[in-house]
Amino acid sequence: MIYWDIFLAFFIPGILGYGGGPASIPLVENEVVDRYEWMTVNEFSEMIALANGLPGPIATKMAGYIGYEQGGILGSIIGVFATVAPSLILMIVLLSLLMKFKSSPRVKKMTNLVKPTIAVLLGVMTWGFISNSYEGIGWLQTILIAAAAFVLLEKMKVHPVYVIGGALVYGAVFLA
């Protein structure tokens with residue numbers, strides 16, 4: 001029964017918490033503190049503070065921690081699964097619909113309209129990164145890192161993980 005309760009405690013906020021993890025925190029608090037009484041308000045706030053200090057999505061960290069506290073490793077797995085299940089189910093349903101109608105002229109037109117939008121959004125994001133980089137380290141360092149990354153990725157075919165790691169090390173050693 002505890003596993004079903006863990007599932008419901010995180011599945012319901014996953015459905016109703018539009019906007020991601022931060023939007024679902026009050027919903028999870030309602031389930032965990034008020035409905036099931038697994039934690040006090042103070043314990044919940046301490047868990048949120050700890051979860052915010054760790055990398056990754058807040059909702060899955062909450063689900064993993066609370067699930068583990070209530071049901072061990074299996075409870076943790078169920079909590080995390082229940083958190084991502086609504087998005088997963090919706091993605092599968094929408095993808096199956098898209099695949100079913102992929103040869104439809106309307107779907108092709110929609111895809112053709114979405115591609116330039118994504119390109120523009122990526123361009124705006126890139127410009128934001130460049131602007132922030134300029135403000136933080138200046139044009140010379142920004143151009144140096146960008147040129148080195150281009151050569152390593154496009155000409156020497158170095159895996160992106162190593163290029164990102166190298167840029168992080170460069171920044172930590174020379175720019176800190």
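The shortest heavy-atom contact between P86 and G14 is CG-C, 3.7 Å. Residues I145 and A167 come closest through the heavy atom pair CG2-CB, 4.5 Å. Contact detail for N42 and S45: the closest heavy-atom pair is O-OG, 2.8 Å. Nearest approach of G79 to A63, heavy atoms of both residues: O-CB, 3.3 Å. Pairing each heavy atom of L8 with each of P13, the nearest pair is O-CD, 3.9 Å. Contact record, G64 with S76: O-OG, 3.2 Å, taken as the closest heavy-atom pair.
Other residues sharing a hydrophobic cluster with L140 under the 4.5 Å side-chain heavy-atom criterion for ILVMFWY residues do not exist; the residue is a singleton. Its side chain outside the 4.5 Å cluster rule for every partner, V80 clusters with none of the Ile, Leu, Val, Met, Phe, Trp and Tyr residues. When hydrophobic residues (I, L, V, M, F, W, Y) are linked wherever their side-chain heavy atoms come within less than 4.5 Å, the members clustered with I77 are Y68, I73.
Sorted by first then second residue, the ring pair (Phe, Tyr, Trp, His ring centres under 6.0 Å) pairs that include residues 27-65, not counting sequence neighbours, are Y36-W38. Screening residues 24-49 for salt bridge (Lys or Arg N to Asp or Glu O under 4.0 Å) gives E31-R35 as the qualifying pairs, with residues at least two apart or on separate chains. Within the structure, side chain to side chain donor-acceptor pair (under 3.5 Å) pairs that include any residue of residues 136-152 comprise S133-T142, Q141-Y170 (at least two apart or interchain). Screening residues 60-70 for salt bridge (Lys or Arg N to Asp or Glu O under 4.0 Å) gives no qualifying pairs among residues at least two apart or on separate chains.
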Enumerate, atom names and distances included, each donor-acceptor pair closer than 3.5 Å involving a side-chain atom of residues 147-162, sequence neighbours excluded.
residue : atom : partner : partner atom : Å
K157    : NZ   : E154    : O            : 3.1
H159    : ND1  : V161    : N            : 3.1

Please tabulate, for side-chain N and O atoms in residues 92-110, each donor-acceptor pair with protein atoms closer than 3.5 Å (sequence neighbours left out).
residue : atom : partner : partner atom : Å
S96     : OG   : I92     : O            : 3.2
S96     : OG   : V93     : O            : 2.7
S104    : OG   : R106    : N            : 3.3

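Residues passing the side-chain contact (heavy atoms from CB on, under 4.5 Å) test with M125 are L122, F129, sequence neighbours excluded. Annotation: side-chain contact (heavy atoms from CB on, under 4.5 Å) contacts of N112 (sequence neighbours excluded): K115. With sequence neighbours excluded, the residues that form a side-chain contact (heavy atoms from CB on, under 4.5 Å) with F7 are W4, F11, I78, F81, A82.
Rounding to the nearest 0.5 Å gives a distance of 9.5 Å between CD1 of I66 and CD1 of I6. Between atom CE of residue M62 and atom CG of residue N52 there is a gap of 9.0 Å, rounded to the nearest 0.5 Å.
Hydrophobic clustering (side-chain heavy atoms under 4.5 Å, transitive across Ile, Leu, Val, Met, Phe, Trp, Tyr) keeps I143 apart from I164. L50 and M39 sit in two unconnected hydrophobic clusters of ILVMFWY residues. Membership requires side-chain heavy atoms under 4.5 Å apart, directly or through other members. The cluster map of Ile, Leu, Val, Met, Phe, Trp and Tyr, joined by side-chain heavy atoms under 4.5 Å apart, puts L74 and V32 in the same cluster. Clustering ILVMFWY residues whenever any of their side-chain heavy atoms sit less than 4.5 angstrom apart, transitively, puts L27 in the very cluster that holds I89.
The closest side-chain heavy-atom distance from T60 to V84 is below 4.5 Å.
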